[in-house]
Amino acid sequence: MLVIHTESIKKCFGDFVALDSINIDIEPGDFFGLLGPNGAGKTTMLRILTGQIEPSSGEAFVLGNNVKNSVEVKKKIGIVPEYESPPSFLTSEEFLSFVCSARNIDNKNVGYWLDFFDLSRKKKTLCKDLSKGMRQKLMLASAFIHKPKILFLDEPFINLDPIYQKKVREYLVDYVKNGNTIFLCSHILEIAEKLCNKIAIINNGKIIGNGRLDELRKRKDETLEDVFCRLVEDV
Amino acid sequence: MFNLISLMLKEEYRFHTSYTSRYAFMFFPVLALILAFLAGVSSSKILEEISLKQIILSVHLSLLLYGMIAGSFAFLGREMAERRFGNVNFMIAMPDILPLSFRSAFFALYIREVVFYTGLTILPVTSGLLLSTFFSPIRVTGVLLLFTALFLSFLLGVSLSFFMSSIYRRSAKIFSAFTGGIMFLIFISALYNVPVENIIPTVSFHFTKSLSCLLITTALILIFSALGIMMAKEEIRTKTKYFENAYPKIEKKLVFSKYSGLMAKELIDIKRSNTGVKMFFSFLMPLIFMTGFLWFVEENISVGFNSISYAVFIGFFSLVIYSWLNNIDSPDFFGFIPVTVPDMIKTRILIHIIFVSFFLVLFVPGMSAISSELYMMPVALLVGFAVSLYMVMGVAYLTGLRPNTSLFNPKVVAKFGIISLLPQVPLVIFSLMPGIISFFFIFFICALLLISCCWFYKGIEEKWGKESFQFGI
């Protein structure tokens with residue numbers, strides 16, 4: 001069974017076509033990377049799949065739910081957005097308690113996730129007074145806390161120090177090994193090459209390459225960066 | 001500096017046109033021009049009913065209040081600099097990353113507010129009146145004097161707001177003392193029937209055309225604006241505060257509500273952002289203005305305003321609470337959890353009801369007691385509650401989570417006007433005719449308002465169900 005399936009997704013903002021005929025199929029246990037230059041349509045695709053915005057045409061399903069039923073989709077997934085934006089006037093601890101309440105789960109894991117991201121010493125600090133990196137850690141914790149089947153991550157490593165980049169990477173690898181799925185948007189190719197088993201490259205709203213890295217390579221020694229540049233520049 | 005001001009003006013224009021179309025936004029000054037023209041043309045008829053002095057006083061008070069509201073964005077200036085509004089950034093935050101002082105940016109903000117809001121309303125109104133001089137006995141010199149005096153009233157309001165915002169940023173205690181002082185002066189002036197022109201120098205200038213009044217007004221504007229800008233705090237970081245986890249306890253207390261989790265979060269926001277205090281004062285200011293206005297009207301033509309009419313106004317002004325609730329923090333985050341825009345709107349309506357109930361119980365009995373109309377108090381409370389509930393449901397239905405910005409959209413303004421005037425005009429009229437039949441009609445209108453509330457409440461789901469939390473999407 002596919003965990004993510006889209007049929008000819010199109011998204012327009014006025015006259016501007018942000019996404020055009022996007023077809024993506026993702027299976028359980030995939031670490032899927034949606035890569036592309038700035039403004040290619042990665043974040044728009046992620047927003048559609050997570051029920052934040054609706055497509056102009058086409059259908060998308062996540063864990064069997066049509067993304068138009070956004071609440072049902074959001075209940076089952078975890079989202080880390082491009083911008084770290086936890087509520088300004090809640091403390092770190094309160095923020096995670098609030099997420100548990102909104103997701104209707106027990107808040108017994110709040111302490112674990114604060115410890116995991118080394119935020120326990122900041123648990124009484126308002127989110128607005130935290131550094132960007134700490135806010136990013138909180139957003140990651142809020143996406144992990146209910147152990148979703150799919151994680152949607154938009155540039156999740158930005159703002160994290162190298163130690164936590166490694167720690168989060170290792171967590172994500174284990175998470176996928178346990179049969180869960182990750183949908184990652186990024187333009188950091190080194191990370192995508194290390195982590196993703198499936199890749200789609202998007203440019204100007206269109207998928208220009210989709211499959212396993214070895215399927216996308218023309219030569220055996222081609223790196224993801226070579227593949228990316230070739231496909232994007234060919235267009 | 002000129003470049004910064006020009007960019008800020010562009011930013012303000014684009015910010016406004018981002019939630020309505022360019023044409024819809026431009027309709028606003030055109031409408032002001034047309035209305036002013038019509039008012040000018042029919043001035044002879046209007047002057048048969050109301051004296052010129054009354055008109056001038058009302059317009060000055062309105063412009064002063066308008067200036068204070070336009071200037072109140074100064075209170076938001078620091079908020080905008082300290083944190084991003086979702087994924088939207090503002091020019092006022094540029095001193096963070098550019099070799100530019102916050103005071104310079106604050107000064108540019110001051111000029112922007114003056115130029116933008118003068119261009120949006122005062123200039124079109126003046127142009128409309130100037131056009132009407134061809135068809136009415138109004139003289140061009142009279143219109144130019146009116147423009148100068150009204151512009152000064154507006155400037156005085158903006159400057160006072162900037163000054164107050166800087167005081168507020170430095171010390172909430174001094175701010176409270178200063179506000180208390182102003183209110184005390186207004187109270188004393190009302191008590192001893194001091195003419196308005198003796199309190200507001202721009203009105204005095206308008207009536208006397210004396211150079212000394214003009215100099216006093218100009219000096220006041222310069223002092224308030226200069227102090228406001230000079231006292232603006234340069235450092236960006238505010239003092240970090242620490243709080244125990246209050247969320248689970250508050251949530252438990254709210255188990256009666258389906259939205260207990262969201263309500264708990266909102267109540268914490270209100271407390272820690274000091275929004276409760278801001279709500280109280282922004283509720284109080286129009287009430288003081290309205291009380292002064294009603295007192296002035298009663299002094300000149302005895303209309304018979306009473307506690308019930310007052311409750312209608314309180315119900316209407318309670319909208320500032322819903323407006324503040326939507327201004328505390330960016331709602332972006334809610335897009336990532338299983339919460340919908342209608343859930344958030346309904347949560348804020350519930351909180352609005354809690355706060356309004358508090359304000360109604362505080363002000364209506366007080367007003368009834370002062371006016372020796374305690375027998376009217378129960379009806380006044382019912383009217384105040386019904387109007388405030390109806391207004392918040394109507395505005396929530398019309399504007400969702402963006403009441404302030406949506407009210408720049410002429411279509412929304414027109415609908416808002418119909419929604420608010422339809423029940424309020426008859427309610428005020430019936431309130432002026434105490435008696436069993438009037439009371440019956442008042443009860444009937446209140447019942448209709450409450451039925452309309454149910455309709456609006458149901459409509460929120462349908463209208464805003466597919467709305468995104470993020471700005472501009």
Side-chain angles (χ1 to χ4, degrees), chain A residues 11 13 43-44 47 50-54 68-104 107 110-111 121-130 132 135 138-139 142-143 145-146 152 154, chain B residues 21 79 82-89 237-252 254 259-275 328-344 347 465-470 472-473:
Chain A
K11 180 70 186 176
F13 296 105
T43 300
T44 304
R47 282 181 177 156
T50 53
Q52 295 178 66
I53 52 173
E54 284 197 2
K68 286 177 182 166
N69 191 354
S70 66
V71 173
E72 280 312 306
V73 170
K74 284 178 194 170
K75 275 182 188 168
K76 294 174 182 169
I77 63 174
I79 310 169
V80 178
E82 190 181 10
Y83 294 103
E84 77 302 331
S85 54
S88 303
F89 297 102
L90 296 187
T91 64
S92 317
E93 191 179 18
E94 285 170 343
F95 168 57
L96 293 184
S97 300
F98 166 66
V99 171
C100 290
S101 163
R103 293 197 170 280
N104 220 359
N107 63 4
V110 168
R121 63 201 165 86
K122 292 282 181 186
K123 68 178 184 182
K124 292 178 183 177
T125 307
L126 295 184
C127 294
K128 77 181 180 77
D129 293 329
L130 295 173
K132 260 176 170 285
R135 287 205 293 261
L138 261 183
M139 294 304 288
S142 75
I145 201 163
H146 60 296
F152 287 87
D154 198 351
Chain B
S21 75
E79 308 279 329
E82 279 172 7
R83 64 175 192 276
R84 206 176 40 225
F85 267 42
N87 53 6
V88 181
N89 263 323
R237 291 294 297 179
T238 48
K239 198 176 159 190
T240 303
K241 289 180 181 169
Y242 302 96
F243 297 94
E244 290 295 334
N245 188 356
Y247 183 81
K249 282 181 202 160
I250 298 177
E251 192 193 11
K252 256 185 201 166
L254 298 166
Y259 303 109
S260 58
L262 292 173
M263 279 180 83
K265 186 251 168 207
E266 294 288 297
L267 288 173
I268 291 174
D269 277 1
I270 292 168
K271 192 177 175 200
R272 294 187 185 156
S273 60
N274 277 332
T275 303
I328 302 175
D329 199 11
S330 158
D332 281 12
F333 173 73
F334 297 110
F336 315 127
I337 54 174
V339 169
T340 62
V341 169
D343 289 339
M344 217 47 236
T347 302
K466 292 185 186 301
E467 182 73 4
S468 167
F469 279 104
Q470 279 158 310
I473 292 175

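Every chain is numbered from 1, with letters handed out A, B, ... down the list of sequences.
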Interchain contact, B:Ala246 with chain A, by part (heavy-atom threshold 4.5 Å)
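The answer is both parts of B:Ala246.
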
Segment of A:Glu94 engaging chain B (4.5 angstrom heavy-atom cut-off)
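When you check distances to chain B, atoms from both the backbone and side chain of A:Glu94 fall under 4.5 Å.
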
Portion of A:Phe152 that has a non-hydrogen atom of chain B nearer than 4.5 angstrom:
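A:Phe152 has no heavy atom closer than 4.5 Å to chain B.
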
Side-chain heavy atoms of [X] within contact of [Y], under 4.5 Å:
X	Y	result
B:Phe336	A:Val80	no
B:Ile268	A:Phe98	no
A:Thr91	B:Arg272	yes
A:Phe89	B:Ile328	yes

Quick check: closest heavy atoms across B:Glu251 and A:Ser101, and the distance to 0.1 Å?
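Minimum heavy-atom separation between B:Glu251 and A:Ser101: OE2-OG, 2.6 Å.
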
Do you know which two heavy atoms are closest between B:Phe333 and A:Ser85, and how far apart they sit?
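So the minimum-distance heavy-atom pair works out to CB-O, 3.3 Å.
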
Of the listed residues ([options]), which shares the most heavy-atom pairs with chain B below a 4.5 Å separation?
options	result
A:Leu90, A:Ile77, A:Thr50	A:Leu90
A:Lys75, A:Lys123, A:Arg103, A:Met139	A:Arg103
A:Ala143, A:Pro86, A:Pro87, A:Ala102	A:Pro87
A:Gly78, A:Ser97, A:Ser70, A:Ser92	A:Ser97

Between B:Lys466 (side chain) and A:Lys68 (backbone), is there a donor-acceptor pair under 3.5 Å?
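No; zero donor-acceptor contacts below 3.5 Å.
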
Could you tell me which residues satisfy salt bridge (Lys or Arg N to Asp or Glu O under 4.0 Å) with B:Asp269, sequence neighbours excluded, listed by chain and number?
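Counting only residues at least two positions away or on another chain, B:Asp269 forms a salt bridge (Lys or Arg N to Asp or Glu O under 4.0 Å) with B:Lys265.
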
Once you round to the nearest 0.5 Å, how far does CD of A:Glu82 lie from CG of B:Asp332?
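Reported to 0.5 Å precision, the distance equals 11.5 Å.
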
So how far is it from A:Gln52 CD to B:Phe334 CZ, rounded to the nearest 0.5 Å?
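Answer for the CD-CZ pair, A:Gln52 versus B:Phe334, is 13.5 Å.
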
Could you please spell out the steps behind the side-chain contact (heavy atoms from CB on, under 4.5 Å) verdict for A:Asn107 and B:Tyr247?
CA-CA 11 Å; A:Asn107 63 4; B:Tyr247 183 81; over 6 Å; no

